[in-house]
Amino acid sequence: MSYWFEHSIVGAGRLPLFCFFVALIGAFVCTRINVRLIRAKIGWFRNVSVGEMHIHHVVFGVVLMLIGGVTGLIVGAASQAWFAVAASVFGVGSALVLDEFALILHLHDVYWEEEGRTSVDAVFVAVAVTGLLLIGLKPLVVDFGGLVDSSLVIVLNLVLAVVTLLKGKIWTGLVGLFVPFLLVVSAVRLARPGSPWAHWFFAGRNPRKLARAIHREERWRRPVIRAKIAFQEFVSGRHDLPSTRKRRGHT
């Protein structure tokens, strides 16, 4: 393990990325433990407030990201150790910001509502992408030994990624940036029924394909989504409050 760390992380110049990765996960876990204790009103855990104004932890996250980012720009490659410290601060700040990504997206406090799961998804995506970068994978790049122009390969992979995302396959599209073979498979397969692609090409034009997409969604996708939500709730708590955003839409 120590040899792997020295060779693959420190020797490859990935120590700052590794520190960011660890800080991101650690800060997210600690934040979720803290907010769950606050929600359960256990001990002295309470929200940070100034008068009647609740200070969300995204505020502290933005400040830490600025500190870590500016520090990283100052030290640069001059000192990998200090660069790693700056990356750790940036990772903590990123966790705090992404944990309230849904609040930023909806401009409303939906933390414990159904829409609040978007924050957990954002953290999972950040962890997955950082992990892939950490093991040495590069997005959109495939080496054909000089037989094919690398710029052409990048453009083609980017087009396939856009098609995959338009078909509603978010995770496959993101992972496919690092494993382009997945993009080829996903781009030619059937789109998800609620995706922009299905709306443009299935609804009213090809009802048989839409029916197949709905059947596939119910048979294969729904169990996966339920398992994902169960894991999210195990990690981050239950997002079980009624949606105030939906109520506002009905008024």
Q) Quick one: does H108's side chain get under 4.5 Å of L103's, heavy atoms only? A) no

Q) Residues two or more places apart in sequence or in another chain: which of them pass ring-ring contact (aromatic ring centres under 6.0 Å, His included) with F18? A) F5

Q: Could I get the full list of side-chain hydrogen bond (donor to acceptor under 3.5 Å, both in side chains) partners for R39, not counting sequence neighbours?
A: D240

Q | Set of residues satisfying side-chain hydrogen bond (donor to acceptor under 3.5 Å, both in side chains) with respect to R32, sequence neighbours excluded | A | D99, Y111

N/O donor-acceptor pairs under 3.5 Å from side chains in residues 125-136, not counting sequence neighbours:
from	atom 1	to	atom 2	distance (Å)
T130	OG1	A126	O	2.7

Tell me which donor-acceptor pairs under 3.5 Å the side chains of residues 9-16 have, and how far apart each pair is, sequence neighbours excluded?
from	atom 1	to	atom 2	distance (Å)
R14	NH1	S8	O	3.1

Give every donor-acceptor pair under 3.5 Å between a side-chain atom in residues 212-228 and any protein atom, sequence neighbours left out.
from	atom 1	to	atom 2	distance (Å)
E217	OE1	R192	NE	3.2
E217	OE2	R192	NE	3.4
E217	OE2	R192	NH2	2.6
K228	NZ	D121	OD1	3.4

Q | Sequence neighbours excluded, every pair satisfying ring-ring contact (aromatic ring centres under 6.0 Å, His included) that has a member inside residues 157-185 | A | none

Q: Scan residues 62-74 for pairs that pass salt bridge (Lys or Arg N to Asp or Glu O under 4.0 Å), counting only residues two or more places apart or in two chains.
A: none

Q. Does any pair with a residue in residues 156-183 pass salt bridge (Lys or Arg N to Asp or Glu O under 4.0 Å), and if so which ones, sequence neighbours excluded?
A. none

Run the side-chain contact (heavy atoms from CB on, under 4.5 Å) test against [X] and tell me which residues pass, sequence neighbours left out.
| X | value |
| --- | --- |
| S94 | F20, L24, M65, F90 |
| L160 | L156, N157, L183, V184, A187 |
| V48 | I55, F60 |

Q. How far apart are the closest heavy atoms of A102 and T118, and which atoms are they?
A. CB-CB, 4.2 Å

Q.
Angle between ring planes, F28 versus F124, binned at 30° and 60°: parallel, tilted or perpendicular?
A. perpendicular

